[in-house]
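Letters A, B, ... are given to chains in the order of the sequence lines, protein chains preceding strands, and every chain is numbered from 1.
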Amino acid sequence: MSVPEPRYASPFGDWDGSTAAARELQQVLAAQVRLEDDFGPLKLIAGVDVGFEEGGAITRAAVVLLDANTLEPVAQSLARIPTSMPYVPGLLSFRELPAVLQALEALPQVPDMIFSDGQGIAHPRRLGIAAHLGVVTGLPTIGVAKKILTGRHEELALNRGAQVDLLDKSGDVIGTVLRSKDKVRPLIVSPGNRVSLASAPRLVMDYVTRYRLPEPTRLADRLASRRDRQATDQPQLF
DNA sequence: GCGACAG
DNA sequence: ATCTTGTCGC
């Protein structure tokens, strides 16, 4: 029997556990983010999200693999591990990535692109969870958040597809505020890795159907949330 | 010093 | 994120 080979690198290197070191590591990793489109035809895409159980003691990561053309789920996996860090704004990836990577490892295939709940580069140090995930996996990633962490923007039209740039204090574009449906609260979309600022919102709209969230994130959200009691611990194939 | 603050 | 039922509006 062969030993299962880890598909992805360790997310924190030799991090000592301090929040100060976490912020320094973010700056190092942010320098490795690539914002040029660098992906082939998308056949398999993935959505990831994280939820909590036992009052927060258990971190529960969900990953759903879908056929990029039919948007039908192809496989899914769930990882439950003890929560190791509290929620600290700006340090979300240190709390959630270990479980996310474990769930990704359990998948039967490697996705061509990952859509993650949370920010990509629209982050104080340009390393939201989607960007961090992109750097450690080497895969193309996009952050799809429901709220702004940092940045400002102009008013946004109410129609589906309306979008405006999200700017940091210096005026640099760090993401897109995107209305995925008429009159719903906009999504905050930003590249994680190997995707450009302009392409990210287009790719998200490619996978939006009748809901506010694009299918990859929506399905992962449903699986990670505690309302899904059918969730199995073993990876599922469809 | 004060306000903001993904999930 | 999570605790939680019904209800208002498109």
A:Phe52 six-ring face occupied by A:Arg80 cation (under 6.0 Å, within 45°) = no
A:Arg210 has an atom CZ; how far is it from atom C1' of C:dC10, in whole Å?
-> 13 Å
Answer with yes or no whether the side chains of A:Asp16 and A:Ser18 bring together a donor and an acceptor at under 3.5 Å.
-> yes
note: A:Lys183, atom NZ; C:dG9, atom C1'; distance rounded to Å ~ 9 Å
Using whole Å, report how far CG of A:Leu158 lies from C1' of C:dC10.
-> 13 Å
Quick one: is the NZ or CZ of A:Arg194 closer than 6.0 Å to the six-membered ring centre of A:Phe39, and within 45° of its axis?
-> no
Which residue, A:Leu65, A:Leu71, A:Asp67, forms the side chain to side chain contact (heavy atoms under 4.5 Å, CB included) with A:Ile45?
-> A:Leu71
How many Å lie between CZ on A:Arg185 and P on C:dC10, as a whole number?
-> 17 Å
Residue among A:Leu158, A:Asn159, A:Leu187, A:Val164 satisfying side chain to side chain contact (heavy atoms under 4.5 Å, CB included) with A:Arg179 = A:Leu158
Using a 4.0 Å cut-off on protein heavy atoms (strictly under), produce a 5'-to-3' string for nucleotides 2-7 of chain B with B for base contact, S for backbone-only sugar-phosphate contact, and - for none.
-> ---BBB
Does a salt bridge link A:Lys146 with A:Asp117, judged by any charged N lying under 4.0 Å from a carboxylate O?
-> yes
